A.B. asks: 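Below you'll find the structure I mean.
The shown structure was predicted, so the numbers you read here are calculated from the model rather than taken from an experiment. When a ligand or atom number is given, it counts from 1 through the structure's own listing order. All values below come from the heavy atoms of this structure, side chains included, with hydrogens, waters and symmetry mates left out.
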Amino acid sequence: MAGPIGIFDSGYGGLTVFREIESLLPEYDYIYLGDNARAPYGARSFETVYRFTLECVKQLFSMGCRLVILACNTASAKALRNIQQLDLPQYGAHYRVLGVIRPTTEIVGHITRTGCIGILATPGTVKSLSYSIEIQHFFPNVRVYQQACPMWVPLIENDEHTGPGADYFVEKDLRALLAQADCIDTVVLGCTHYSLLLEKIRRYLPPEITLMAQGRLVADRLADYLRRHPEIEAYCSKGETRRFFTTETPEIFDEKASRFYGRPVQSQHLSL
Ligand code: DGL
């Protein structure tokens, strides 16, 4: 039976991807699940991120989703491969889990002119080397420089990202990235939270550097995926409904979520 498309993130960041997906593909039903009670995932171990993400994916499957998007780089980096290889086979042919790193790495090599790319991400994503490995796979001549930004997600989640405290950390981490190589001409926001810091990041980056956020990119690739996989698309129901679930209290989620989603959100609590 057809069901909604599941969108998962550790917390709020996935909403920046979801808003682009639903604006491009409004006809489908969607369930958004934020594991806010256990966020942030960014500094957690591989095993923990895998365990938490798998629990959430199973939950979305049990709510009728056949296709789940991990709208979280940390989960895509640390859990996606295991879930695809170890867990999905138990579910059968028409269950799919996709991430946000691959759609980004497939494109980024076409954008750089110097062949030098900077990645800004959580410590977990950086340590996993997922961006470097995937970009090398598609563009063997491109060099990848990474910078972990451990304070950015906590600043955003605590609504401090527009204040002067955020300027300090944004400038510090961008300086550390650019100090790694003069040739960096393209910088990827490798965390779905970071688009809320876009303005500040832009302010501290030289204007000639191209800044890439993921939302629209992931939405385009999903539309393409659904076109190329009619057997999966057939399992995605089209009733234009959106439901939001959080492992935190809905009042807290709803208040913050609208900043990421751009519109009011009414969520329900979910215990895992
Ligand atoms: N939004 C997540 C990402 O894209 C990270 C947030 C977290 O650390 O939980 O990596």
Side-chain angles (χ1 to χ4, degrees), residues 6-21 32-57 68-81 83 97-105 108 118-134 146-161 166 169-170 173 187-198 201 211-219 221-222 244 246-248 252-253 256-257 259-261 272:
I7 312 280
F8 166 73
D9 181 49
S10 60
Y12 302 102
L15 290 164
T16 64
V17 174
F18 179 37
R19 64 193 276 183
E20 299 289 346
I21 290 178
Y32 183 92
L33 171 57
D35 190 11
N36 301 77
R38 301 187 292 193
Y41 280 13
R44 292 193 187 276
S45 68
F46 181 94
E47 288 71 26
T48 304
V49 173
Y50 169 48
R51 183 159 53 84
F52 287 179
T53 305
L54 180 59
E55 274 173 22
C56 292
V57 167
V68 172
I69 312 296
L70 303 185
C72 173
N73 287 267
T74 311
S76 301
K78 292 187 153 189
L80 181 60
R81 186 177 298 253
I83 291 176
V97 181
L98 305 174
V100 288
I101 293 182
R102 180 132 192 192
T104 313
T105 54
V108 68
I119 307 291
L120 300 165
T122 64
T125 301
V126 166
K127 245 185 246 151
S128 75
L129 295 177
S130 296
Y131 270 96
S132 310
I133 294 165
E134 290 268 336
Q146 303 191 93
Q147 180 62 41
C149 311
M151 290 303 291
W152 292 15
V153 168
L155 282 166
I156 294 166
E157 296 248 331
N158 290 294
D159 203 11
E160 287 290 340
H161 57 290
F169 288 105
V170 168
D173 291 332
V187 169
V188 174
L189 300 186
C191 170
T192 54
H193 279 67
Y194 293 175
S195 48
L196 265 80
L197 277 172
L198 202 67
I201 298 170
L211 192 55
M212 275 181 70
Q214 294 176 309
R216 181 61 204 218
L217 204 72
V218 171
R221 301 307 292 159
L222 177 60
F244 297 85
T246 175
T247 54
E248 247 298 347
I252 297 177
F253 183 84
K256 289 194 186 180
R259 294 205 308 269
F260 293 78
Y261 189 50
L272 292 172

A.B. asks: Using a 4.0 Å cut-off to any heavy atom of S10, which atoms of ligand 1 qualify?
C.D. replies: 6 (C), 7 (C), 9 (O)
A.B. asks: Closer than 4.0 Å to some heavy atom of T192 - which atoms of ligand 1 meet that?
C.D. replies: 1 (N), 2 (C), 3 (C), 4 (O)
A.B. asks: For ligand 1 and T74, I'd like to know whether there is a polar contact (N/O to N/O, distance under 3.5 Å).
C.D. replies: yes
A.B. asks: If you measure every N or O of T125 against every N or O of ligand 1, does any of those distances drop under 3.5 Å?
C.D. replies: no
A.B. asks: In the protein, what heavy atom is nearest to atom 3 (C) of ligand 1, and what distance, to one decimal place, separates them?
C.D. replies: N73 N, 3.2 Å
A.B. asks: Where does D9 meet ligand 1, judged by heavy-atom distances below 4.0 Å: at the side chain, the backbone, both, or neither?
C.D. replies: side chain
A.B. asks: Test your reading of the model: is there a side-chain donor-acceptor pair from R44 to the backbone of R38, 3.5 Å cut-off?
C.D. replies: yes
A.B. asks: Taking 4.0 angstrom as the limit, do K256 and E248 come out as a salt bridge?
C.D. replies: no
A.B. asks: Do the ring centers of Y261 and Y12 come within less than 6.0 Å of each other?
C.D. replies: no
A.B. asks: Rounded to the nearest 0.5 Å, how far apart are NE2 of H193 and OG1 of T74?
C.D. replies: 9.0 Å
A.B. asks: Quick check: does G13 get an N/O under 3.5 Å from an N/O on ligand 1?
C.D. replies: no
A.B. asks: Once rounded to the nearest 0.5 Å, what's the spacing between atom CD of Q214 and atom OH of Y194?
C.D. replies: 10.5 Å
A.B. asks: Below 4.0 Å from any atom of ligand 1, is there a heavy atom belonging to C72?
C.D. replies: yes
A.B. asks: What residue and heavy atom of the protein are closest to atom 7 (C) of ligand 1, and at what distance?
C.D. replies: Y41 N, 3.3 Å
A.B. asks: Give the residue, atom name and distance (to 0.1 Å) of the protein heavy atom nearest atom 8 (O) of ligand 1.
C.D. replies: G42 N, 2.8 Å
A.B. asks: State which residue, out of L197, V187, V126, T125, fulfils the side chain to side chain contact (heavy atoms under 4.5 Å, CB included) condition with L120.
C.D. replies: V187
A.B. asks: Would you say L15 and D9 make side-chain contact, with heavy atoms under 4.5 Å?
C.D. replies: no
